[in-house]
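Written out below as structure tokens is the structure these notes cover.
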Protein chains: 2
Amino acid sequence: MNQPTETSVSAPRACFIAAGLDVLGERWALLALREMSLGVHRFDQIARNTGASRDILTGRLRTLESRGVIERVQYSERPPRYEYHLTTSGAEVAPILISLAAWSSTWMRDETPRASYRHSCGADLNPVVSCAECGEEFTPGSLMLGPLVSTAGTDPASDQ
Amino acid sequence: MNQPTETSVSAPRACFIAAGLDVLGERWALLALREMSLGVHRFDQIARNTGASRDILTGRLRTLESRGVIERVQYSERPPRYEYHLTTSGAEVAPILISLAAWSSTWMRDETPRASYRHSCGADLNPVVSCAECGEEFTPGSLMLGPLVSTAGTDPASDQ
DNA sequence: ACAGGTTAGTTGGAAAATCCAACCGACTCG
DNA sequence: CGAGTCGGTTGGATTTTCCAACTAACCTGT
């Protein structure tokens, strides 16, 4: 396991998980990104396929755009029409969706029929997460806190 | 990429990602699980470290418990005191936290100092997600829809 | 004995987020 | 001309969350 981390005093833990959830953790955000990863880019279809109400979906898409996760692309001049595409950052959300889908298909099995996922090789979804450094598979408990990082202007190529 | 999936008609896509978010997507749920993965098991500390208000946190922990993700364990008889532990299912949320932390530390870099994560081997967090079947690394776009699955009573050992 | 601290909550009321159905503008198609 | 498409916006109801205070049941030190 892990020895308890004693934040003895008070303030919430500022970590990258919390920061990621700031952007991806709002309602409907991940489902909207799921749609885009599956090739659905139009507002109406995203609304339908996620179940989000149109007004909050509008808000979410604006937030995701402002955070650089998606892009709003005009595909028709007259009338002006837009569709939504993943940026590089958005495309890299895939591992999160994959882990979520894998966890869910292992632990959320019940009578209701759901769409499963698979890898493009054709196999049922069965992802293995390993450390790029040592090659070892991540086991529960092998996630540990590292040092505090503050990285003004170290963004990996300002996007796109 | 992926050819658009035409759910021609109406209903939201019932998939394992949506099902997973049903449980893990509520506010504070993943942060509470993060705390438990880091070895923090007491209500007060979880509340402090996540920033969740105590009433909401109570609700979340109850939901997670009822869904089999965590267990409420009595550690003192008098007065009755409880702490929260991950079940097997809960421990397996780790890959989601890992992917989230990795995405965030790549794309959410700004001036505010945050705790980073690392693998137990000591290396900075740098997870690779690959297909257990073919061994290939998952690339953005290699997540595809599979068939509908309904699996009453196929749970992997009714839990722990 | 009593004040003070710890711990896991609960309570009530305010504030924020979400839901929903209907509407709008600018088109296109038959 | 009427109907349909598409990407929204609007107003009002509902739900969720926030917040600070409070409780119950102890323990610890003076």
Side-chain angles (χ1 to χ4, degrees), chain A residues 4-12 18 21-33 35-36 39-67 70-85, chain B residues 4 6-13 18 21-33 35-36 39-67 70-85:
Chain A
T5 41
E6 56 233 82
T7 313
S8 40
V9 252
S10 46
L21 286 172
D22 247 33
V23 180
L24 305 180
E26 290 183 303
R27 196 147 195 210
W28 307 115
L30 281 175
L31 290 186
L33 295 173
E35 287 307 309
M36 295 174 223
V40 174
H41 303 288
R42 301 276 166 94
F43 185 89
D44 267 34
Q45 274 304 313
I46 297 173
R48 256 186 246 292
N49 292 353
T50 57
S53 28
R54 309 168 67 80
D55 53 351
I56 69 123
L57 182 60
T58 302
R60 265 328 150 265
L61 294 172
R62 294 291 179 280
T63 311
L64 291 172
E65 190 194 5
S66 78
R67 304 304 233 101
I70 62 177
E71 281 179 311
R72 191 157 167 267
V73 179
Q74 186 161 19
Y75 71 91
S76 152
E77 179 91 15
R78 335 209 39 261
R81 290 287 153 71
Y82 303 90
E83 53 184 24
Y84 297 91
H85 286 268
Chain B
E6 56 234 87
T7 314
S8 41
V9 255
S10 46
R13 203 191 289 281
L21 286 171
D22 248 33
V23 179
L24 305 180
E26 290 183 304
R27 195 149 196 209
W28 307 115
L30 281 174
L31 289 185
L33 295 174
E35 288 306 308
M36 296 174 221
V40 174
H41 304 287
R42 302 274 167 97
F43 185 88
D44 266 35
Q45 273 304 314
I46 296 172
R48 255 185 249 292
N49 293 352
T50 58
S53 28
R54 310 170 67 80
D55 52 350
I56 303 302
L57 182 60
T58 302
R60 268 323 154 265
L61 294 171
R62 293 292 179 280
T63 311
L64 290 172
E65 189 194 7
S66 77
R67 304 301 234 102
I70 62 176
E71 281 179 313
R72 190 157 167 267
V73 180
Q74 186 160 21
Y75 71 91
S76 153
E77 179 93 15
R78 337 210 38 264
R81 290 286 152 74
Y82 303 89
E83 53 184 23
Y84 296 91
H85 286 268

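Basis for what follows: all heavy atoms, side chains included, without hydrogens, waters or symmetry-related copies. Chain identifiers are assigned alphabetically (A, B, ...) following the order of the sequence lines, protein sequences preceding nucleic acid strands; residue numbering begins at 1 within each chain. If you're wondering where the values come from, they're calculated on a predicted model, not measured in any experiment.
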So if I take every side-chain heavy atom of [X] and compare against [options], which nucleotide ends up nearest?
| X | options | result |
| --- | --- | --- |
| B:I56 | D:dT9, D:dT17, D:dG7 | D:dT17 |
| A:D44 | D:dG7, C:dC19, D:dC19 | D:dG7 |
| A:Y75 | C:dA17, D:dC6, C:dG9 | D:dC6 |
| A:R72 | C:dG9, D:dG7, D:dC18 | D:dG7 |
| A:Y82 | D:dG7, D:dG11, C:dT10 | D:dG7 |
| B:R27 | C:dG9, C:dC19, D:dT17 | D:dT17 |
| A:R62 | C:dG9, D:dG8, C:dT11 | D:dG8 |
| B:W28 | D:dG8, C:dC19, D:dC18 | D:dC18 |
| B:P79 | D:dC26, C:dC20, C:dT11 | D:dC26 |

Tell me: [atom1] of [X] to [atom2] of [N], nearest whole Å?
| X | N | atom1 | atom2 | result |
| --- | --- | --- | --- | --- |
| B:E83 | C:dG9 | CD | C1' | 15 Å |
| B:E77 | C:dT7 | CD | P | 19 Å |
| A:D55 | D:dT14 | CG | P | 16 Å |
| A:L57 | C:dT18 | CG | C1' | 13 Å |
| A:E26 | C:dA17 | CD | C1' | 10 Å |
| A:Q45 | D:dC6 | CD | P | 8 Å |
| A:H41 | D:dG7 | NE2 | P | 12 Å |
| A:R60 | C:dC19 | CZ | P | 9 Å |

Original post:
Considering heavy-atom distances to DNA chain C, does A:R78 or B:Y84 have its closest nucleotide positioned more toward the 5' end?
Top reply: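 This one resolves to B:Y84.
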Original post:
Quick one: CG on B:L61 to CE on B:M36, what's the gap to the nearest 0.5 Å?
Top reply: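 Between B:L61 CG and B:M36 CE, I get 5.0 Å after rounding to 0.5 Å.
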**OP:** Check the pair B:Y75, B:R42 against side-chain contact (heavy atoms from CB on, under 4.5 Å), reporting the backbone distance first and the verdict last.
**Re:** CA-CA 10 Å; B:Y75 71 91; B:R42 302 274 167 97; 3.4 Å; yes
Original post:
What class does the angle between the rings of A:Y84 and A:F43 fall in, given that below 30° is parallel, 30 to 60° is tilted and above 60° is perpendicular?
Top reply: tilted
Subject >> A:A29 to A:V23 - nearest heavy-atom pair and separation >> reply: CB-O, 4.1 Å
**OP:** Decide yes or no, distance alone: a donor-acceptor N/O pair under 3.5 angstrom between the base of D:dC6 and the side-chain of A:R81.
**Re:** yes
Original post:
So, does the side chain of B:R54 form a donor-acceptor pair with the base of C:dA8 at under 3.5 Å?
Top reply: yes
Original post:
Can you list the steps and then say if A:V40 with B:R13 is a side-chain contact (heavy atoms from CB on, under 4.5 Å)?
Top reply: CA-CA 12 Å; A:V40 174; B:R13 203 191 289 281; 4.0 Å; yes
